[in-house]
Amino acid sequence: MKNLDTTENKFLNDFNFFFDPKVVGELILYQLGEIYCDENAVCKTHTHMDFFELTFIVSGKGKIYCNDTPIAVEKNDLFLSLPHEQHKIVSDEKEPLRYYFISLNFLSSSMFKTEILYSPNILSLPANLRVHNSPTWANAFIALLSCIQDTAKFSDLKLELLAKTFCINIWQTYQALPQKKYSSPKGFEEQNLFYKIIHYIDEHLTSIHNLTEIADALHYNYVYISRIFKLKSGKSIYQYYSERKLLLAERLLKEGEMSITKIAEHLNYSSIYVFSRSFKKFFGISPSHYESQAKKKKEN
């Protein structure tokens, strides 16, 4: 299937089950691999069967053709190909492509086929909206490639679970895209990510125990989202998170329905001392003093 119009590739790692798909639980795996192209290498035009194919660009640039429509791709781009489409990949002459790929589906009885991969939001996406730029996708492919070579007990089960997690992430990434056009992460994508970080913090303010949970929930690397947040807001994620907690603490003290100890616990401070110190540093007054003033205002 990955038949390239070139005499030799610099690197080819192809676990090919195209003619005898590997069935693991509900997962049907057709191909999984990595290709490091020569200059001007071409993956010939071929028609997909009843499976989805994901291509992640590790480095270089080129074009992915979907039913004769060329889509420019570059480093960290993920492209989704749908079942029964014609597909071709052309590598750039000066910056040849290196990419991961996976072709998969699930059993007809699986919700991963009926509700996730075959969801209307996925199937209706035009080719130009099926590109998503994010470096974190590389980790998912590396995990799958590592697992498929593992012969330890339960490795097949792990492969199925990794593939299912992968497809859930695909659904979450693409299901909200029909109304937006593709743009690089230096434009709309970064701004959109910035708003997602703010929304997640605001929605989970009292349940976050570690800020890396934000990156995990949004499927990005924490260092990456920290850089984007600092770029867009001028402050760190920790600063924003701390300020939001303290503003909520102020509101709770005004309401007077929770003790200072309970507020500190509710906002996941490690101790009442840490909470009091943070509150005084931010508002210039201790929580107990603030609580006392708030009670006096209510009485008056």
Side-chain angles (χ1 to χ4, degrees), residues 1-4 9 11-37 43 46 48-59 64 73 76-85 87 89 97-119 122-123 130-132 134-175 212-213 215-222:
M1 184 178 170
K2 293 292 175 188
N3 187 9
L4 293 147
N9 290 302
F11 183 79
L12 173 62
N13 187 18
D14 185 3
F15 296 91
N16 192 331
F17 312 105
F18 185 66
F19 297 106
D20 185 19
K22 182 180 178 69
V23 179
V24 182
E26 296 180 326
L27 170 67
I28 306 173
L29 183 63
Y30 292 86
Q31 276 191 313
L32 174 63
E34 175 184 7
I35 290 179
Y36 191 171
C37 295
C43 175
H46 55 279
H48 286 169
M49 295 169 59
D50 188 22
F51 58 73
F52 293 77
E53 184 166 287
L54 283 301
T55 306
F56 177 80
I57 310 303
V58 180
S59 60
I64 295 180
V73 290
N76 294 329
D77 276 347
L78 180 77
F79 184 78
L80 170 65
S81 301
L82 303 180
H84 310 296
E85 289 184 333
H87 185 60
I89 299 178
L97 288 170
R98 178 184 175 191
Y99 60 90
Y100 299 130
F101 60 90
I102 185 171
S103 305
L104 55 73
N105 210 330
F106 291 88
L107 298 178
S108 298
S109 57
S110 172
M111 66 168 287
F112 282 83
K113 179 169 185 173
T114 58
E115 297 182 35
I116 295 179
L117 290 181
Y118 281 78
S119 65
I122 296 291
L123 293 178
R130 289 193 237 133
V131 183
H132 181 258
S134 172
T136 58
W137 284 107
N139 295 331
F141 278 95
I142 291 169
L144 286 164
L145 283 164
S146 175
C147 186
I148 202 169
Q149 300 177 73
D150 192 354
T151 58
K153 190 176 181 180
F154 302 124
S155 58
D156 277 357
L157 175 60
K158 182 179 178 181
L159 178 66
E160 181 191 8
L161 294 175
L162 284 171
K164 285 183 173 180
T165 302
F166 185 90
C167 290
I168 290 172
N169 292 340
I170 291 297
W171 184 86
Q172 291 177 333
T173 297
Y174 285 105
Q175 63 93 23
T212 58
E213 295 171 23
D216 293 340
L218 300 179
H219 312 293
Y220 284 92
N221 178 276
Y222 183 74

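A quick note: this is a predicted structure, and the numbers were derived from the prediction, not measured. Only this structure's heavy atoms are used, side chains among them; waters, hydrogens and symmetry mates stay out.
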If you look at every heavy atom in [X] and [Y], which pair is closest and at what distance?
X    : Y    : result
L123 : L82  : O-CD1, 3.7 Å
Y36  : R98  : CD2-CB, 4.0 Å
V58  : Y100 : CG2-CE1, 3.4 Å
K22  : D156 : NZ-OD1, 3.8 Å
L144 : A163 : CD2-N, 3.9 Å
I102 : F141 : CG2-CE2, 3.7 Å

Spacing of [atom1] belonging to [X] relative to [atom2] belonging to [Y], to within rounding of 0.5 Å:
X    : Y    : atom1 : atom2 : answer
E213 : L218 : CD    : CG    : 11.5 Å
I122 : I170 : CD1   : CD1   : 7.5 Å
R130 : D77  : CZ    : CG    : 14.0 Å
I89  : I57  : CD1   : CD1   : 6.5 Å
L32  : L159 : CG    : CG    : 7.5 Å
S110 : N105 : OG    : CG    : 9.0 Å

Intermediate values then yes/no, side-chain contact (heavy atoms from CB on, under 4.5 Å), L54 and W137: CA-CA 10 Å; L54 283 301; W137 284 107; over 6 Å; no
Ring centre gap for Y118 and F52 strictly below 6.0 Å: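 Yes - the distance between ring centres of Y118 and F52 falls below the 6.0 Å cut-off.
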Any non-hydrogen side-chain atom of [X] less than 4.5 Å from a side-chain atom of [Y]?
X    : Y    : answer
F17  : I148 : yes
F15  : Q149 : yes
L107 : F112 : no
K164 : F106 : yes

Check: I142 main-chain N/O paired with S146 side-chain donor or acceptor under 3.5 Å: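 No, the answer is negative, given that no donor and acceptor are paired below the 3.5 Å cut-off.
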Short side-chain to backbone donor-acceptor contact, Y220 and T136, under 3.5 Å: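 Checking the backbone N and O of T136 against the side chain of Y220, no donor-acceptor pair under 3.5 Å is found.
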Geometric class of the H48/H87 ring pair [parallel <30°, tilted 30-60°, perpendicular >60°]: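 The rings of H87 and H48 sit tilted, inter-plane angle from 30° to 60°.
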Stepwise side-chain contact (heavy atoms from CB on, under 4.5 Å) check, L117 with L104: CA-CA 10 Å; L117 290 181; L104 55 73; 3.9 Å; yes
Residues E26 and K113 bridged, charged N to O under 4.0 Å: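 Salt bridge between E26 and K113, a charged N being under 4.0 Å from a carboxylate O: no.
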NZ (K158) with more than 12 external heavy atoms under 6.0 Å: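 Not buried by this count: 12 neighbours or fewer within 6.0 Å.
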Chi angles and distances behind the side-chain contact (heavy atoms from CB on, under 4.5 Å) call for F56, N76: CA-CA 7 Å; F56 177 80; N76 294 329; 3.7 Å; yes
Residues C43, F101; criterion side-chain contact (heavy atoms from CB on, under 4.5 Å); working and verdict: CA-CA 12 Å; C43 175; F101 60 90; over 6 Å; no
